[in-house]
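Just below is one structure, and these are the notes that go with it.
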Amino acid sequence: MAVSQLDETHDPSRISWVESANGHPDFPIQNLPFGIFSPGPDSPRPGVAIGDMILDLVAVSSLLPDEVRSCLDGANLNGLMALPSVYRVALRRRLSHILSTEALWAEVAPSLFRAQDCALHLPAAIGDYTDFYVGIHHATNVGALFRPDNPLLPNYKYVPIGYHGRASSVRPSGVPVVRPNGQHKGPNDAEPGFGPSRRLDYELELGIWVGSGNALGHPIPIGEAQGHIAGYSLLNDWSARDVQAWEYQPLGPFLAKNFHTTVSPWVVTGEALAPFRTAQPARPQSDPAPLPYLLDASDQMNGALALDLEVHIVTQRMRELRLPPFVLSRGSSTSMYWTPAQIVTHHASNGCNLQPGDLIGTGTLSGAEPGALGSLLEIGRGGTSPIALPGGETRTFLEDGDEVTLCAHARVEGHVAIGFGACSATVLPAP
Ligand code: CA
């Protein structure tokens, strides 16, 4: 299935009668991300973000295409995600029409809720969560901390590396993260101990939401992989570095990672991101070409995403002093060594069945520059180089009360910029 095409929904001159959408940094009418929300005490339901408002899709279902109506009655988007992307495109076009047609205002406006009055939930019932490791600068930086002589293992440029994470501990933005207890052993400790992690970190990642799945035993060809992606969120893979260092060999991440994962609640569709696709950066000549099952000319030409990524922190002390958020990093999503399509195809290449609503993390997205690092482990060089914060504090790793927020925006000349909304959580003390 080809990458989605541009249509009238991307028209930069299109505006909405929802006035807050026009010029909105995240949710102009060109975005239309899907999510699950509760207006006040009412039950969770599917909605679309438009400016500062959320449109209740159930309430306007009589205006929507027949094929999608039956997918809107649950408290998750799995049914909608499972549809072939052609139906999602039809829904997007209808919503864009509804929200830009002044004559429909009186009929539709009662189904809009102020986002600030709503609770936002996980967009999907997540069956499985897998985290990859495709940020090559992150992999190199972290590898150098753990293995100075051998930062990238020999398989890295052949295999999109990943591990199976835990779906049950994924939470939407806003749910606090409790500092985990765990087993750790510092370089000067004779024996390991058990207690609160002293090296709690965040990881800036993109989350890929699986759309239509594949049957067990039936791989997804690289040329069809885009059609199996329902959309994208931001993802924070909270990490206890001291636990990780002690436990990760020989089987990889376990309790250092699975205590909490935060996602932004809005699913930004591949259709909305169509104007912001770009070529996969060329590999250095000394690197191997992807094996044939991961190589597709169209994917190489426009399968990467050009997103501006930012991480902010606000500490307890900064809150007390009313200081604005401090920018920890600014980078780009073009630092991925493998495209989302290559990730999906590799995951299913052994016949593993992906299912609608499965969540896939890209791995930490660090840029090559010092200001573009996607984790404190890298910024603070493994805890050896504290960063100064406004208000006189320093950090090597996170402290209780710290709030970390991930942001992503897509910007390109000639199109209206769109954003993902916040992926944010505050650290609470260990139990
Ligand atoms: Ca990760």
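No hydrogens, no waters, no symmetry mates; every other heavy atom, side chains included, goes into these values. Both counts, for ligands and for their atoms, begin at 1 and track the order of listing.
With hydrogens and angles left out, the side-chain atoms of Thr9 and Arg93 include no donor and acceptor closer than 3.5 Å.
With the Ca ion (ligand 1) as the vertex, OD2 of Asp237 and OD2 of Asp131 span 80° to the nearest 10°.
The Ca ion (ligand 1) is closest to atom OE1 of Glu203 (considering only N, O or S atoms). Shortest distance from the Ca ion (ligand 1) to Glu205 is reached at OE2 (N/O/S atoms only).
Under a 3.5 Å cut-off, the side chain of Glu247 and the backbone N or O of Phe254 do form a donor-acceptor pair.
Using a cutoff of 4.0 Å between basic side-chain nitrogens and carboxylate oxygens, Glu271 and Arg88 are scored as salt-bridged. We find that Arg241 and Glu203 are joined by a salt bridge, their nearest charged nitrogen and carboxylate oxygen being less than 4.0 Å apart.
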